[in-house]
Chemist: 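Supplied in C-alpha cells, the structure appears directly below.
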2 protein chains.
Amino acid sequence: MIHPRPAGQHTVRRHNCALVLGAIAESSGLSRAGVAASTGLTKATVSTLVDRLAAASLVRDEGPQRRDGPGRRGTSLSLNPDGPHGLGVEIAVDHVATCLVDLTGQVRWSRVSPAANRAQSPGRVLGRVAKAVAAALAEAARRGVVVGGAGVAVPGLVEASTGLLRRAPNLGWQDVDVPAELRARAGLESVEVLVGNEANLAAYAELQAGGHDGVRDFVHVSGEIGIGAGLVLGGELYDGTRGFGGELGHFPVSSRGPECSCGARGCLERLAAQEAILERAAAPDLPSLLGALESGERKAVAAVRAAARPLGTALSSVLNLLDVPAVVLGGTYARLHPWLAEPLREELTRRVLGAPWSPIDVLCSPLGTEAAVRGAAASAVRTIVADPDTFIAASGRA
Amino acid sequence: MIHPRPAGQHTVRRHNCALVLGAIAESSGLSRAGVAASTGLTKATVSTLVDRLAAASLVRDEGPQRRDGPGRRGTSLSLNPDGPHGLGVEIAVDHVATCLVDLTGQVRWSRVSPAANRAQSPGRVLGRVAKAVAAALAEAARRGVVVGGAGVAVPGLVEASTGLLRRAPNLGWQDVDVPAELRARAGLESVEVLVGNEANLAAYAELQAGGHDGVRDFVHVSGEIGIGAGLVLGGELYDGTRGFGGELGHFPVSSRGPECSCGARGCLERLAAQEAILERAAAPDLPSLLGALESGERKAVAAVRAAARPLGTALSSVLNLLDVPAVVLGGTYARLHPWLAEPLREELTRRVLGAPWSPIDVLCSPLGTEAAVRGAAASAVRTIVADPDTFIAASGRA
DNA sequence: CTCGATAAGTTCAGTCGCCAAACTATTGGG
DNA sequence: CCCAATAGTTTGGCGACTGAACTTATCGAG
C-alpha cells in the first residue's frame, strides 16, 4: 500500500494555494474579494496567498476592475501568460515534436522535426529528442521564460508508478526510462519530467484546449496506426490502475472477422483503424480518401460507414461501463468527422442504455495531429497549477 | 464544477486522525510508537489522536505487547469491535436483508426476511424495510452498541451526486429518494444513510471480507437476474462518473444471438446469465443444475462452458480497458466456480493483452448471497474509518 | 464639494494543531 | 544495581487561518 503522508500547516497552505490559483484559473479577472467568496477563505488569507503566487509570477495583477455602483474597485487577477511555461515533447514513429505552453494553456511556440524513429534504438532516438528539447529550452531562454515542467508523449504503455515506458511496439522499445534519459541528455536536470501515453495525453489536450466547453467527461478516440483511446472523467485524465488504461484497439467486435496481430479475431483495430478504412475504400492514402469523400464517392462513404458500426459497438460498451456522456473524435477520425459522426451517433444511441435520458455527444477535435504534444505540455502546466506551492518552494531554493 | 473546500487546522486534524486510524486498521496490535513510525507523525501527535479515537470508542487499548529485547513494551492498539457498528440493508426483489457489522468488518448480527417486492410501490416496500431496520436498531440497542452509519443496497441505478435511485427495473421504481424515506420512516434521523447499487456493494464486500488478500484491484461479476458487475480499483469502489458504472449486462458479444430487452442482439446477459445457462442445460432451477454438474452430466457442463466464452469476451475487454489483473466470481457464478473458472481463465488469457506478463486470477467469492448487505454495512463502516474526526464531532454534539 | 454609503484590501491579535526536545516510565542485561 | 533501549507524556514554540477593526477607493446625493 502506498502510504499517505501526514499533514501539517504546510499541507494546509499547499492546499489553499492551489485552491486560490484554481479559482483564478477558472474565472480570469477575479478580484481578491471574489476569490475569497468563491473559495470560502477569508480575504486576509487570500491576500497573503495571492502575494505569494504573484511573487512567483504565476499570477498577474491587471489593474482595477470595471464595476457599476459604489465601492472601491477590485484588482483583476489572472494567470500570468509570461509565467513559467510547460514544455511538451512527442516521440512518434515519424517525427519528434516540441512545444511551449503558458499557464493559460496557450501554445506560445512549437516545432515538428520529421525523423525516422521506427525500430531505432532508444539511444539514437533519444539523442534526436534531446536536440529538439535543447532547441526548445534555448527558445524559452530567448523569451526569458522559466520552463516549469516537461511532459513527454510516447506511443506505448507507460507504467504510472515508475514512469517507465514498458512497451512501445511501433518503436520496438521495452522498459526505457525516458524521463531519466532526457534529464541526463538534454539539460533537464532541474525540471520535473512526466511521461504519458500519446493517446491519453491527446485526450487531456482535448479537455484543456478542445473548446468543448463544459464537457468534463468523455472518451477520446483517434485512429492512426491502431486505435488509441483516452478517458477523461470528471475533468481528470483516467489512466487505469497501473497507467495502462484506455486499450481499446483489441475490443472484440465480431466473432468472425479478420485475424489480428494479437492472435484473436475481429478486433476493433482490424475493422475500424485508418488502414482498414483505406483498404475498404480502395484509397491509397488519407488525402485521396478525403477527396473521394468530398466528391461523394459511394465506395468511400460506405467504407467510413462500415467502420462506424464496430467503433460504435466498442464505444457503447465503454460508455455503459463507465457512464460517460460524450465521445470526442481525434486524429484521423476528426478529419472523417463529417461522414463518421452521424452513423456513429446512431449506433451509440441504439446501444447505450442511458441514451434515452441523456443524448450522447459525438464531438470533433480541433487539435489535429498536435494534440499529443499539447497534452504533454498541458500536463506539465497542470502540475504547476494543481500544486503551486511545491513549484514555488522548488524555484525558491533552485 | 464542485468546489473544493478550504483547509484549516481542523482539516489537518481530520486527515491525521484518519491516518492514525487507518494505520491501526491495517495492522492490528500496533503501538503508539509503531503508528508514529508508519504514519510519519510524531509520537506526541499520535498520542493525542489516539486518545481522541479511544474516547470515541473507535480504538481499544489491549494491554502491553510481547516483545523481545530491552525497552518498555508498547500498548497494543486495535479497532474496537464494540465500537460503533455499521447497519447494512438490502432491498431485493424477493427479500429484505439487514445486518450489523463492527469496525473490524465482522458481521455481528444478520437477518433475512422474505418479501415479494417485485413491482410493488415504493411506499409499501419501504414500509417493510423500515420494520426490518427498526428490528436491527432494537438489536443494536439491546447490545448497547451505537449505529454509526447505514448503507442500503438496491437493485438499480443510483446517482452518486444526489443519492437518488434513478431506475430499478425489477422493482419498477423510478427516482426514489431511499435515504430520505428511510430516515423519515425508520428512526434513522441522526445517522448518515448511503445508497448504492447492489452489484457494486457486493464487489466492495469482496474487497473488505472476501479474503483474497492483497488483491486490491478486480472486477466482481455475479449472474443472478441479469449480470451485475462492480469494479474495485486501488482498494476503492469505482462507480463511474455519476455512479452508474459497472453496467456489463449489455455488452455485445455476438453479432447474431438472441434479441434482448434492450433492443440489441447478442447481449452478454442473454448468453451468460443464470437463466440462459439453465435453459441451455435444460435444468429447471439452480439446485438441479448444480446436482447435474456434480454428477458430471455432459449437457450441464457444456452449458456452463458455453457461458464462459461470452463472459470471457466481455471481461477481457474490461480488463484491457482498465488494466485490472483479477476477476472475482460472485453470486450464482461463485457456485458454478468449479466448472466455470477454467474455461473463463482460458478465454481471458487468450484475449487480455497483458496476460503473458501477469497471469489473470479468477477467484471465487466466499460470501454467497449475503455479499450485498455486507457491502452496504461495510460501506457505512468505511465512512467512519475513513473520516473518524467527522464521526467524533457528530457523536459529540448529538 | 463634501459627506455618507459601500466595497476592496490590509493589519493584528487570537486560536488551533503539529513539532522538537526534554522528561518520565518500563524492561532486559551485565 | 545501574545502564541501555524503547514507549509514552509534557511543554514551549511555530505556522497558517480567522475575525474584527482599520485603511483605501469609488460613487452618488445634497
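Below, read A as the first sequence line, B as the second, and so on, with proteins coming before strands; counting in each chain starts at 1.
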Chemist: Would A/R183 and A/D177 pass as an ion pair if we require N to O under 4.0 Å?
Modeler: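 Looking at A/R183 and A/D177, the cut-off is not met.
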
Chemist: Can you tell me how far C1' of C/dT10 sits from CG of A/D51, to the nearest Å?
Modeler: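 Going from CG in A/D51 over to C1' in C/dT10 covers 10 Å.
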
Chemist: Rounded to whole angstroms, how far apart are CG on A/L41 and P on D/dG19?
Modeler: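 Atom-to-atom, A/L41 to D/dG19, this comes out as 11 Å.
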
Chemist: Let me spell it out: for each of A/G40 and B/G71, pick the nucleotide of DNA chain D with the closest heavy atom. Which residue's pick is nearer the 5' end?
Modeler: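 Looking at the nearest nucleotide for each, B/G71 comes out on the 5' side.
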
Chemist: Could you check how far CG of B/D61 sits from P of D/dA7, rounded to whole Å?
Modeler: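 It works out to 15 Å between those atoms.
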
Chemist: Among C/dC18, C/dT27, C/dC12, which nucleotide sits nearest the side chain of A/A44?
Modeler: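 It is C/dC12.
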
Chemist: Just the rounded figure in Å: distance from P of C/dG9 to CZ of A/R52.
Modeler: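 Atom-to-atom, A/R52 to C/dG9, this comes out as 20 Å.
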
Chemist: For A/A7 and for A/A33, locate the closest nucleotide of DNA chain C by heavy-atom distance; then report the residue assigned to the nucleotide nearer the 5' terminus.
Modeler: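 Residue closer to the 5' terminus by nearest nucleotide: A/A33.
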
Chemist: Salt bridge check, A/R143 against A/D102: does any charged N sit closer than 4.0 Å to a carboxylate O?
Modeler: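 So A/D102 does not pair with A/R143 through a salt bridge.
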
Chemist: Over how many whole Å does the gap from B/L19 atom CG to C/dC19 atom C1' extend?
Modeler: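 Roughly 16 Å, once rounded to whole Å.
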
Chemist: Does C/dG17 have its OP1 or OP2 closer than 4.0 Å to a side-chain nitrogen or oxygen of B/N16?
Modeler: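 B/N16 to C/dG17 OP1/OP2: no side-chain N or O under 4.0 Å.
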
Chemist: For a quick test of reading the model: is some side-chain N or O of B/S31 closer than 4.0 Å to OP1 or OP2 of D/dG8?
Modeler: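 For D/dG8, OP1/OP2 do have a side-chain N/O of B/S31 under 4.0 Å.
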
Chemist: Would you call B/R382 and B/E236 a salt bridge, using N to O less than 4.0 angstrom?
Modeler: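 Looking at B/R382 and B/E236, the cut-off is met.
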
Chemist: Any side-chain N or O of B/T45 under 4.0 Å from OP1/OP2 of C/dC18?
Modeler: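 Answer is no, no contact under 4.0 Å.
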
Chemist: Any side-chain heavy atom of B/D239 within less than 4.5 Å of one from B/L231?
Modeler: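 Side chain of B/D239 against side chain of B/L231, heavy atoms only: no contact under 4.5 Å found.
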
Chemist: Which whole-number value in Å describes the distance from B/K43 NZ to D/dG8 C1'?
Modeler: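 Distance, rounded to whole Å: 6 Å.
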
Chemist: Counting only heavy atoms not in A/E159, do more than 12 fall under 6.0 Å of its CD?
Modeler: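 Yes, the 6.0 Å shell around CD holds more than 12 heavy atoms from other groups.
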
Chemist: Can you tell me if the side-chain N/O atoms of B/R73 get under 4.0 Å from OP1 or OP2 in D/dA7?
Modeler: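 The answer is no; no side-chain N or O of B/R73 sits under 4.0 Å from OP1 or OP2.
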
Chemist: For C/dA8, take OP1 and OP2 only and decide whether either is under 4.0 Å from a side-chain N or O of A/T75.
Modeler: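 No, no such contact exists.
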
Chemist: Is A/S47 close enough to C/dG9 that one of its side-chain N or O atoms is under 4.0 Å from OP1 or OP2 there?
Modeler: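 No, A/S47 has no side-chain N/O under 4.0 Å of OP1/OP2 on C/dG9.
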
Chemist: Please state whether the phosphate of D/dA7, meaning OP1 or OP2, lies under 4.0 angstrom from any side-chain nitrogen or oxygen of B/R32.
Modeler: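 It does not, given that no N or O in the side chain of B/R32 lies less than 4.0 Å from OP1 or OP2 of D/dA7.
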
Chemist: Which whole-number value in Å describes the distance from A/Q65 CD to C/dA8 P?
Modeler: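 After rounding, the gap between these two atoms is 8 Å.
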
Chemist: Does B/Q9 contact C/dG17 through a side-chain donor or acceptor facing the base, at a distance under 3.5 Å?
Modeler: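 No.
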
Chemist: So does A/R72 reach the base of C/dA7 with its side chain, donor to acceptor, closer than 3.5 Å?
Modeler: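 No.
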
Chemist: To the nearest angstrom, how far is A/H10 atom NE2 from D/dC17 atom P?
Modeler: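 Atom NE2 in A/H10 sits about 12 Å away from atom P in D/dC17.
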
